[in-house]
Protein chains: 2
Amino acid sequence: MELEEAYSLLSDLRKTHKTIIIVADCTVEYKGRAESYLPPGERVILIKRDRTVLVHQDSGSMPVNYMKENSDWRPVLEKDKLELRINNISYKESMLIVMNKVFSVSSFSLSDGQKIQLVGTERDMADMIYANPDIVEKGLRAVATEEQTKYGFVDVLCYDRQNNLVVIECKRYTADLKAVSQLRRYVERIKKSKGIENVRGILCAPKITSNAKEMLFDFGFSFKAVKPPAYMSREEHRQRSLADFEHSKG
Amino acid sequence: MELEEAYSLLSDLRKTHKTIIIVADCTVEYKGRAESYLPPGERVILIKRDRTVLVHQDSGSMPVNYMKENSDWRPVLEKDKLELRINNISYKESMLIVMNKVFSVSSFSLSDGQKIQLVGTERDMADMIYANPDIVEKGLRAVATEEQTKYGFVDVLCYDRQNNLVVIECKRYTADLKAVSQLRRYVERIKKSKGIENVRGILCAPKITSNAKEMLFDFGFSFKAVKPPAYMSREEHRQRSLADFEHSKG
DNA sequence: GGGGAGAGATGCCGC
DNA sequence: GCGGCATTTCTCCCC
């Protein structure tokens, strides 16, 4: 594809809200929170309706370079080069894509107002434990989820049978040192703010690393193996989706 | 575009290493580490050479759904639907894309062996402080960077003029509660492993949140405002890139 | 492969 | 806007 043709196409697309897909041999320079340079190679460039710009190599999940939403971009035709100059004033970032060959430019007016429905998150775990704290320890009484404190929010707050406060921190993945530190921060904060000493900490996760376990026990906390809640069936997904649709009509 | 045509194209592409771009109206279901459902909408689907699959909506930096590298995929033609069934045995994940309209299928043999060169990371900050610890405190002597401990690795380890050990934790962004907890973990670990009490902690970052500062001072640690090192100029980038090229020839 | 931590993290929610 | 934090985090590095 001729660079002039690509330039003309992109110029026309600049002020639209179309999603643009470019395939090109290019270099990429970035300057902003850090600075980077990507030597020549063939990549896919995606410009979205919200003016997010992504550069994808032919492997890996992550874009190799990107500019966040509301980035200003314009094509510039140089000798034997077609440049995309991209700027984001609010993020104080800029990107320069220099294309020496353009394989394809295509554009689409995409219509999509949907949001993903995700189940099996840490929040779902906390809700499950709040509804049924016995799975953590017999006789627990749950009093709050997502309790806000200045030092972060506690997943589940309970009282045990001796009326000690119990702070529960949930992790949907293997609990690590960070999780133990987090639990400790909440426990200390609550001790201080409420002026009480008997505050227990329980870490709930499917697994825990050996070092984290050691540190946890050093602080007198405990671990309870809990898996994230069972996933919805496909049928339940569909019903939930339908319910959302019905709701949005109202 | 007819579903049959898209099916035929994708069937032919299945065993190639081409990068495939599909634009379609579709739903997406995912099941693996969690479970999700995405109601119908028009999206861009990217299948890479390494069999990574990405689904992008028309806004935002992140794919709304994805499957990691080496995923097996195949097109299946149903009545009025074209499905992409994707499976990854090693990650125990699966994804189902159901397309009811396909706007475009295109494919490219991309050639790209380049890696991005990035400057201005936290590691660069630690190296800068190691080379010149005076910017943190007069008279510091740096003895190690990236010192490994069982509870994590310390960015920079120093001695001050009174020969106290000083643990320095660097953050390239605004330091938060997590950063303070991390520093605390290292200081306590070193106190314990070396059996000494006088271990200081200094947090180096461009800024710090007020809560983090409060917690930091509670623990007797201190804060020093340090910016990440100056970025390379564009000319330096070019020279570095050239040097890499010369090197790769050898 | 497990463990630990950074990332140009991004995205979400709450104040 | 900042702040705190989860993420189908991803990615890298070290042991």
Side-chain angles (χ1 to χ4, degrees), chain A residues 28 30-36 52 60-69 88 90-95 115-116 118-126 146 148-155 169-179 181-182 185-186 207-213 228 231, chain B residues 28 30-36 52 59-69 88 91-95 115-116 118-126 146-155 169-179 181-182 185-186 207-212 228 231:
Chain A
V28 186
Y30 159 80
K31 195 166 165 52
R33 283 171 291 180
E35 186 166 311
S36 72
T52 296
S61 304
M62 308 295 287
V64 64
N65 275 109
Y66 56 93
M67 291 284 283
K68 283 183 285 196
E69 76 282 355
N88 193 305
S90 45
Y91 285 113
K92 291 177 189 166
E93 293 180 310
S94 66
M95 196 163 83
K115 282 193 177 174
I116 192 168
L118 187 65
V119 191
T121 62
E122 183 181 297
R123 178 61 199 265
D124 292 328
M125 242 179 111
E146 309 286 314
Q148 299 288 333
T149 77
K150 219 174 64 174
Y151 278 11
F153 58 88
V154 172
D155 282 340
E169 174 60 32
C170 303
K171 291 295 166 206
R172 65 181 309 284
Y173 53 88
T174 305
D176 57 14
L177 294 174
K178 285 200 301 272
S181 284
Q182 195 182 350
R185 208 159 62 225
Y186 299 152
K207 284 197 301 179
I208 184 167
T209 69
S210 52
N211 286 336
K213 199 169 190 174
Y231 309 129
Chain B
V28 186
Y30 160 79
K31 194 167 164 52
R33 284 170 290 179
E35 185 167 312
S36 70
T52 296
S59 67
S61 304
M62 307 294 288
V64 65
N65 276 110
Y66 57 93
M67 291 282 282
K68 282 182 286 194
E69 73 284 353
N88 193 306
Y91 285 112
K92 292 178 188 164
E93 293 179 311
S94 66
M95 196 163 82
K115 282 193 177 172
I116 192 168
L118 187 65
V119 192
T121 63
E122 182 180 297
R123 179 60 200 264
D124 293 327
M125 237 179 116
E146 310 287 314
E147 172 93 345
Q148 298 289 332
T149 77
K150 215 175 69 173
Y151 279 11
F153 58 90
V154 172
D155 282 340
E169 175 60 32
C170 303
K171 290 296 167 206
R172 64 183 307 288
Y173 52 87
T174 305
D176 56 14
L177 294 174
K178 285 201 303 271
S181 284
Q182 194 181 349
R185 210 158 62 225
Y186 299 154
K207 286 196 299 180
I208 185 167
T209 68
S210 56
N211 285 338
Y231 311 130

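Across the protein-nucleic acid pair, B:Lys207 atom NZ and D:dC2 atom P stand 6 Å apart, rounded to whole Å. In this structure, the CG atom of A:Leu118 is 15 Å from the P atom of C:dG11, given to the nearest Å. Computed from coordinates, the A:Ile116 CD1 to D:dT9 P distance equals 13 Å when rounded to whole Å. In this structure, A:Asp176 places its CG atom 10 Å from P of C:dG3, rounding to the nearest Å. In this entry the distance linking CG of A:Asp155 with P of D:dA6 reads 7 Å, nearest Å. Straight-line distance from the NZ atom of A:Lys115 to the P atom of D:dT8: 15 Å, rounded to whole Å. C:dG14 atom C1' lies 14 Å from atom CG of B:Asn211, rounded to whole Å. Atom CE in B:Met62 sits about 13 Å away from atom P in D:dT7, given to the nearest Å.
Across the P atoms, D:dA6 and C:dG6 are found 16 Å apart, a figure rounded to whole Å. With P as the reference atom, D:dG4 and D:dT8 are 23 Å apart, rounded to whole Å. Going from the P atom of C:dG4 to that of C:dG8 covers 23 Å, rounded to whole Å. Between the P atoms of D:dT11 and C:dG11, the separation comes to 16 Å (whole Å).
Contact between the side-chain N/O atoms of B:Arg123 and the OP1/OP2 oxygens of C:dG6 is not found at any separation under 4.0 Å. Dashed line: the shortest gap from a side-chain N or O of B:Arg172 to OP1 or OP2 of C:dA9 is under 4.0 Å. OP1 or OP2 of D:dT8 has not a single side-chain nitrogen or oxygen of B:Lys31 nearer than 4.0 Å. One finds no side-chain N or O of B:Gln182 lying less than 4.0 angstrom from the OP1 or OP2 phosphate oxygen of C:dG4. OP1 and OP2 of C:dG8 both lie 4.0 Å or more from every side-chain N or O belonging to A:Lys68. Residue B:Arg33 has a polar side-chain atom (N or O) positioned under 4.0 Å from OP1 or OP2 of D:dT9. Distances shorter than 4.0 Å separate some side-chain N or O of A:Thr209 from OP1 or OP2 on C:dG4. Applying the 4.0 Å criterion to OP1 and OP2 of C:dA5, one finds that B:Tyr186 has a side-chain N or O inside that range. A close approach under 4.0 Å does not occur between any side-chain nitrogen or oxygen of B:Lys178 and OP1 or OP2 of D:dG4.
B:Val64 comes within 4.0 angstrom of a base, heavy atoms only. Within the nucleic acid shown, A:Glu69 has no heavy atom closer than 4.0 Å to any nucleic acid atom. B:Tyr66 comes within 4.0 angstrom of a nucleotide base, judged by non-hydrogen atoms across all strands.
Remark: ring of B:Phe153 not stacked against base of D:dC14; the cut-offs of centroid gap under 5.5 Å and plane tilt under 30° are not jointly satisfied.
Judged by atom type and distance alone, B:Glu122 does not reach the base of C:dG6 through any side-chain donor-acceptor pair under 3.5 Å. The base of C:dG8 sits within donor-acceptor range of the side chain of A:Asn65, with an N or O pair under 3.5 Å.
Side chains of A:Glu69 and A:Tyr91: a donor on one and an acceptor on the other come within 3.5 Å.
At most 12 heavy atoms of other shown residues, nucleotides or ligands fall within 6.0 angstrom of atom NZ in A:Lys213.
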